[in-house]
Amino acid sequence: MALPLPMVAGLIGFSFINGWMTAILAMGLLTIGEILIFPANSMMVDNLAPEHLRGTYFGASQFRKIGNFLGPIIGGYFLGHISGQFMFWIISIVSLSSIIFFTAGHRTFLKTTTIEAES
């Protein structure tokens, strides 16, 4: 469940950009993190959803797109009132904390499927 680690490393890298090479390295790490995370989200929803509710689960999973709306607003506030480096540190911490939620959800899923299999 360490999928967001390259993304976190890329975001931390963005806070220390001082030239083209660090920018390219940070963007590469962020891209690798996205490549690992986004298919895992869809796979997790597919595993969690009962067959007859799969469409509803996938529809509800799209609420994560709210970040596409709120992200620029909150990020713009941080850039305007605090600093860009602080903004990237906050985003890194939030991304890193996702490990906790993915792990908790996966453990709950495994317990549920084990109980159903025993019944």
Side-chain angles (χ1 to χ4, degrees):
M1 286 289 148
L3 295 177
L5 292 180
M7 181 179 276
V8 170
L11 289 168
I12 291 172
F14 278 129
S15 70
F16 293 109
I17 287 178
N18 60 1
W20 282 104
M21 289 309 293
T22 54
I24 291 170
L25 179 65
M27 183 57 75
L29 288 169
L30 180 72
T31 302
I32 290 170
E34 288 179 340
I35 289 170
L36 293 173
I37 286 175
F38 292 122
N41 285 340
S42 296
M43 194 170 69
M44 182 179 276
V45 171
D46 189 50
N47 287 336
L48 287 173
E51 187 68 36
H52 67 286
L53 292 174
R54 193 155 289 152
T56 304
Y57 275 57
F58 274 105
S61 74
Q62 294 305 308
F63 280 119
R64 69 178 180 244
K65 302 285 183 176
I66 291 173
N68 293 348
F69 170 73
L70 294 177
I73 295 169
I74 296 169
Y77 175 79
F78 281 147
L79 279 174
H81 292 88
I82 303 172
S83 74
Q85 187 174 22
F86 180 73
M87 178 189 69
F88 284 113
W89 278 98
I90 294 294
I91 295 170
S92 299
I93 291 168
V94 169
S95 297
L96 195 57
S97 68
S98 69
I99 293 174
I100 297 167
F101 295 107
F102 276 114
T103 304
H106 186 67
R107 285 183 182 158
T108 302
F109 171 71
L110 291 176
K111 287 178 186 176
T112 304
T113 54
T114 304
I115 291 170
E116 289 176 1
E118 292 174 357
S119 307

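Keep in mind that the numbers below use all heavy atoms, side chains included, and drop hydrogens, waters and symmetry copies.
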- Go through the steps to decide whether Leu30 and Phe14 satisfy the test side chain to side chain contact (heavy atoms under 4.5 Å, CB included), and finish with yes or no. CA-CA 9 Å; Leu30 180 72; Phe14 278 129; 3.6 Å; yes
Worked check of side chain to side chain contact (heavy atoms under 4.5 Å, CB included) between Leu11 and Ser15:
CA-CA 7 Å; Leu11 289 168; Ser15 70; over 6 Å; no
Given side chain to side chain contact (heavy atoms under 4.5 Å, CB included), test Ile99 with Leu5 step by step and report yes or no. CA-CA 9 Å; Ile99 293 174; Leu5 292 180; 4.1 Å; yes
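Residues Gly67 and Pro72 share a closest heavy-atom pair of O-CD, 4.1 Å. Here the closest non-hydrogen pair linking Gly13 and Ala26 is C-CB, 3.8 Å. When all heavy atoms of Leu29 and Ala9 are compared, the pair lying nearest together is CD1-CB, 4.0 Å.
For residues 34-44, no pair satisfies salt bridge (charged side-chain N to carboxylate O under 4.0 Å, His left out), with sequence neighbours left out.
Side-chain atoms of His81 come within 3.5 Å of backbone N or O of Tyr77 as a donor-acceptor pair.
Here CD1 of Ile93 is found 8.0 Å from CG of Leu96. Values are rounded to the nearest 0.5 Å. To the nearest 0.5 angstrom, His106 atom NE2 is 8.5 Å from Asn47 atom CG. Note that CD1 of Ile91 and OG of Ser95 are 7.5 Å apart. Values are rounded to the nearest 0.5 Å. Rounded to the nearest 0.5 Å, atoms CZ (Phe58) and CG (Leu48) are 9.5 Å apart.
Under the rule for a side-chain contact (heavy atoms from CB on, under 4.5 Å), the partners of Ala49 that lie at least two apart in sequence or sit in another chain are Arg54, Tyr57. The side chain to side chain donor-acceptor pair (under 3.5 Å) search around Asn18 returns Thr22, not counting sequence neighbours.
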